[in-house]
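Index from 1, following the sequence.
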Amino acid sequence: MENQTISPNSLPRVAVIGGGHLGRIHAKLLACNTNCNLLGVADPSDASRTIVECDLALPSFTDYRVLEKQIDAAVIAAPTFLHHEIGKWCLERGIHTFIEKPIAASAEESHELVALAHENNCVLQVGHVERFNPAWVTASSLCAQESVRYIESAREGSYTGRSTDIGIVMDLMIHDIDLILSLVPSTLTDINAYGWSVLGEHEDFAVAQLRFKNGAVAQLRASRISELPKRTMQIHTEARICSIDFASGSLSMIQPQPDVASGMRQADTLPAAQRLKVKDRLFQEWLSKTEIKSANVNAIALEHQEFLEAIQHGKSVTVNGHAGTAALSVALEVVAAIHHHHGSGLDHTTVQPFAA
């Protein structure tokens, strides 16, 4: 089946499937987007549809399937276990599909969605929104991929009552997994992981260590039982350290002064009295620190714009189905490692190498 042809001069007809917290954010932004025609939001919940109709003043539908032949594209923000079912329905009908992360509940489901998108010539985009965070865009452009040696990330918050069908790895850590896979140009060979289930059957806290064939190491931490929210990442390369705060959109970069980087000036060779004074002028004479404040933009709106441009003009998307599947596969390996020896400490898993 060929996908529905959309003229560059006509607006794609879009529906949001899933009227929960995130679905309503998508709907609100798409309703204001002049590059599409939002038909409404589909959700089986009476309460969700009431909020959509009253707060957003948008039409709502009980069953997304009534939209067949009425829409050119769909944004799926339903619970993860429904991603495959809804995505398959859309792609089989030639409907361009944006699926919130994770792309599906299993690797098999994600592979089928990717195949369907290819067979039906559909755009398939996965909602790994941090790829569009301006602080990340700047940092990744400053960090030569081949020189990345160590990455440390923390993504923490308090319990919200949302996304309880999945654990913290699939809910939050998968963001950083996707970013790291996009940055390190090597195959993943080894995973260490530990997790703690506190409030339900799924893990609420997790740490993972990823090791790559080229020697790069990534340390990840995620939690939904933290007192304070935190979304940060530090990237160590051979030339600099980049520290990202995803929440504030800020970035700092530390690197040695040119003569220090070249080895012409070394603190270790100074007399003891002078070495003791290095700390007082460390960031003036020895290291440089640059603070970069990114533009205040809405990353989800940027995702939408890329999705719509891909539909109308055939452009590629930043996070396609293959990238979404790669992130999901690693997340599943982390969860498996946590469950394998639950309660017995850090678990070690050797994974089959695959292209990062």
> Looking only at atom types and distance, does a side-chain atom of Q312 sit under 3.5 Å from a main-chain N or O of S10, one as donor and one as acceptor?
Replying inline: yes
>> Test of understanding: with ring pair (Phe, Tyr, Trp, His ring centres under 6.0 Å), list the residues that count as partners of Y150, not counting sequence neighbours.
In response: H236
> Within the side chain of S141, is there an N or O that forms a donor-acceptor pair under 3.5 Å with the backbone of T138?
Replying inline: yes
> Are the side chain of T80 and the backbone N or O of A105 linked by a donor-acceptor pair below 3.5 Å?
Replying inline: no
>> Between Q255 and I241, is there a side-chain heavy-atom distance shorter than 4.5 Å?
In response: no
>> Can a side-chain donor-acceptor contact be found between S223 and S226 if the only test is distance below 3.5 angstrom?
In response: yes
>> Closer than 3.5 angstrom, by distance alone: can the side chain of D63 be matched with the main-chain N or O of V66 as a donor-acceptor pair?
In response: no
>> To the nearest 0.5 Å, what is the distance between OG on S250 and CG on D245?
In response: 4.5 Å
> For R162, which residues count as a side-chain hydrogen bond (donor to acceptor under 3.5 Å, both in side chains) partner, sequence neighbours excluded?
Replying inline: none
> Do R221 and E156 come close enough that some side-chain heavy atom pair is under 4.5 Å?
Replying inline: yes
>> For the CD atom of Q125 and the CZ atom of F307, what is their distance to the nearest 0.5 Å?
In response: 6.5 Å
> Roughly how far, to the nearest 0.5 Å, is the CD atom of E152 from the CD1 atom of I180?
Replying inline: 10.5 Å
> When you measure from the side chain of D204 to the backbone N and O of L199, does any donor-acceptor pair fall under 3.5 Å?
Replying inline: yes
> Do V217 and L210 come within less than 4.5 Å of each other through their side chains, counting heavy atoms only?
Replying inline: no
> Would you say R49's side chain and P44's backbone share a donor-acceptor pair under 3.5 angstrom?
Replying inline: yes
> Strictly by modelled atom types, are Q234 and S243 linked by a side-chain donor-acceptor pair under 3.5 Å?
Replying inline: yes
>> Per the side-chain hydrogen bond (donor to acceptor under 3.5 Å, both in side chains) rule, what does the pair list look like for residues 263-277, sequence neighbours excluded?
In response: D259-R265
> Hey, any chance V317 and V137 share a hydrophobic cluster, counting ILVMFWY side chains that come within less than 4.5 Å of each other, even indirectly?
Replying inline: no
> Do H322 and V114 come within less than 4.5 Å of each other through their side chains, counting heavy atoms only?
Replying inline: yes
> Got a salt bridge between E291 and K289, using NZ or NE/NH1/NH2 to carboxylate O under 4.0 Å?
Replying inline: yes
>> Show, in sequence, the C-alpha distance, side-chain angles and deciding distance for V75 and I99, and conclude whether the side-chain contact (heavy atoms from CB on, under 4.5 Å) test is met.
In response: CA-CA 6 Å; V75 172; I99 304 181; over 6 Å; no
>> So, using side-chain hydrogen bond (donor to acceptor under 3.5 Å, both in side chains) as the criterion, who are the partners of T325 when residues are at least two apart?
In response: S110
>> Whether the side chain of S182 engages the backbone of L179 through a donor-acceptor N/O pair (distance < 3.5 Å, no angle test) should be reported.
In response: yes
> How long is the gap from CG on L30 to CG on L58, to the nearest 0.5 Å?
Replying inline: 9.5 Å
> Donor-acceptor pair, N33 side chain versus N35 backbone, under 3.5 Å?
Replying inline: yes
> Do E306 and R131 meet the salt-bridge criterion of a basic N to acidic O distance under 4.0 Å?
Replying inline: no
> Is there side-chain contact between C242 and L251, with heavy atoms separated by less than 4.5 Å?
Replying inline: yes
> Does a donor on one side chain sit under 3.5 Å from an acceptor on the other, for E112 and H84?
Replying inline: yes
> Between atom CE of M253 and atom CD1 of I244, what is the distance when rounded to the nearest 0.5 Å?
Replying inline: 12.0 Å
> Going by atom types alone, do Q209 and R211 pair a side-chain donor with an acceptor below 3.5 Å?
Replying inline: yes
> Where do N133 and F246 come nearest, in terms of heavy atoms and distance?
Replying inline: ND2-O, 3.0 Å
>> Using modelled atom types and a 3.5 Å cut-off, is there a donor and acceptor pairing between side-chain atoms of N120 and backbone atoms of L116?
In response: yes
> OG1/T290 to CZ/R240 distance, rounded to the nearest 0.5 angstrom?
Replying inline: 9.0 Å
> Taking NZ, NE, NH1 and NH2 as the nitrogens, is one of them in K101 or D178 under 4.0 Å from a carboxylate oxygen of the other?
Replying inline: no
>> Looking at D165, is its backbone amide N or carbonyl O close enough to the side chain of H202 to form a donor-acceptor pair, meaning the two atoms are under 3.5 Å apart?
In response: yes
> How would you list, by chain and number, every residue that makes a side-chain hydrogen bond (donor to acceptor under 3.5 Å, both in side chains) with D43, sequence neighbours excluded?
Replying inline: none
> Which pairs with one or both residues in residues 22-44 pass ring-ring contact (aromatic ring centres under 6.0 Å, His included), sequence neighbours excluded?
Replying inline: H26-F98, H26-H304
> Passes side-chain contact (heavy atoms from CB on, under 4.5 Å), V330 versus L188? Steps please.
Replying inline: CA-CA 9 Å; V330 175; L188 178 62; 3.6 Å; yes
